[in-house]
Amino acid sequence: MITITDDLLARIHDQCRSAYPEEGCGALLGSFPQGDGARTVVDIVAIVNSREAEEQYHRFRIDPLDYQRTDEDAARRGLDVVGFYHSHPDHPAVPSDYDRDHAFPGLSYIVVATAGGRAGQGEGAVDVPRSTSWELTPDRSTMTQEAEFSTNI
């Protein structure tokens, strides 16, 4: 489970909108739950998509050094990397098999549908921005939806 403010979600949407028609990506900083609580996102860090230019329209990659810098900065602030976000240009806010294959259990993965550069506007979406958050099952077989965000930004 994840909690994130509308303001942070709007910042994610802004970045994803700016990255269109490529995939935008970044890290979710916050804290892991105590007991059965939710991962709480208190900040985001936009990260440059380091995938080859000709692949950025449908794939993202976070360079290991960017991840290391982000993780170290989070630790200095008393935070953890609790997940990642990325956009799906002209596709729904649903993780692909590729997303599942590269995810880690215990983290949140926000997927933002973008179309025509409008964050949250995936296939069939008209008025309501759509972002979803997913978590990989411990056996790595499936990503389960943990939240759907419908925030007008």
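Side chains are part of it too, since the values below use all heavy atoms of this structure and drop only hydrogens, waters and symmetry mates. The structure presented is a predicted model; accordingly, all values stated were derived computationally and were not measured.
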Donor on one side chain, acceptor on other, Y20 and D90, under 3.5 Å: yes

Any side-chain heavy-atom pair of C25 and I62 under 4.5 Å: yes

Y109: partners by ring pair (Phe, Tyr, Trp, His ring centres under 6.0 Å), with sequence neighbours left out: none

Validation row: F149, S133 side chains within 4.5 angstrom (heavy atoms): yes

Working for side-chain contact (heavy atoms from CB on, under 4.5 Å), residues I110 and I12: CA-CA 9 Å; I110 294 178; I12 291 170; 4.3 Å; yes

Flag, side chain of S87 to backbone of G24, donor-acceptor distance under 3.5 Å: yes

Distance (rounded to the nearest 0.5 Å) between T70 OG1 and L79 CG: 12.0 Å

Derivation of the side-chain contact (heavy atoms from CB on, under 4.5 Å) call for L107 and F84: CA-CA 8 Å; L107 298 177; F84 298 92; 4.0 Å; yes

Residues in side chain to side chain donor-acceptor pair (under 3.5 Å) contact with E54, at least two apart in sequence or another chain: none

Rounded distance (nearest 0.5 Å) linking atom CD1 of I2 with atom OG1 of T132: 10.5 Å

Closest non-hydrogen atom pair between G30 and V82, with its separation: C-CG1, 3.8 Å

Qualifying salt bridge (Lys or Arg N to Asp or Glu O under 4.0 Å) pairs with a residue from residues 134-144, counting only residues at least two apart or across chains: R39-E135

Flag side-chain contact, heavy atom, 4.5 Å: S131 against H13: yes

Give every donor-acceptor pair under 3.5 Å between a side-chain atom in residues 41-51 and any protein atom, sequence neighbours left out.
| from | atom 1 | to | atom 2 | distance (Å) |
| --- | --- | --- | --- | --- |
| D43 | OD1 | R11 | NH1 | 3.3 |
| D43 | OD1 | R11 | NH2 | 3.4 |
| D43 | OD2 | R77 | NH1 | 3.1 |
| D43 | OD2 | R77 | NH2 | 2.8 |
| N49 | OD1 | R51 | N | 2.9 |
| N49 | OD1 | R61 | N | 3.2 |
| N49 | ND2 | E23 | O | 3.0 |
| N49 | ND2 | R59 | O | 3.1 |
| S50 | OG | R61 | O | 3.0 |
| S50 | OG | R61 | NE | 3.4 |
| S50 | OG | D63 | N | 3.4 |
| R51 | NH2 | Y98 | OH | 2.2 |

L136 side chain reached by W134 side chain, heavy atoms, under 4.5 Å: no

CA sep, side-chain torsions, deciding dist, call: R17, T114, side-chain contact (heavy atoms from CB on, under 4.5 Å): CA-CA 7 Å; R17 184 183 302 112; T114 59; 5.8 Å; no

Intermediate values then yes/no, side-chain contact (heavy atoms from CB on, under 4.5 Å), Y85 and F60: CA-CA 10 Å; Y85 64 89; F60 79 99; over 6 Å; no

Any side-chain donor near an acceptor of the partner, Q56 and E52, under 3.5 Å: no

Min side-chain heavy-atom separation M143-T137 under 4.5 Å: no

Where at least one partner belongs to residues 95-116, residue pairs that pass salt bridge (Lys or Arg N to Asp or Glu O under 4.0 Å), sequence neighbours excluded: D97-R100

E146 side chain to S108 side chain, donor-acceptor N/O pair below 3.5 angstrom: yes

Check: V94 main-chain N/O paired with H88 side-chain donor or acceptor under 3.5 Å: yes

All side chain to side chain donor-acceptor pair (under 3.5 Å) counterparts of R69, not counting sequence neighbours: D66

Matching residue for V81 among D73, L28, L29 - test: side-chain contact (heavy atoms from CB on, under 4.5 Å): L29

Spatial distance of atom OG (S96) from atom NE2 (H102) [nearest 0.5 Å]: 9.5 Å

Transitive ILVMFWY side-chain link F104 to Y67, under 4.5 Å: yes

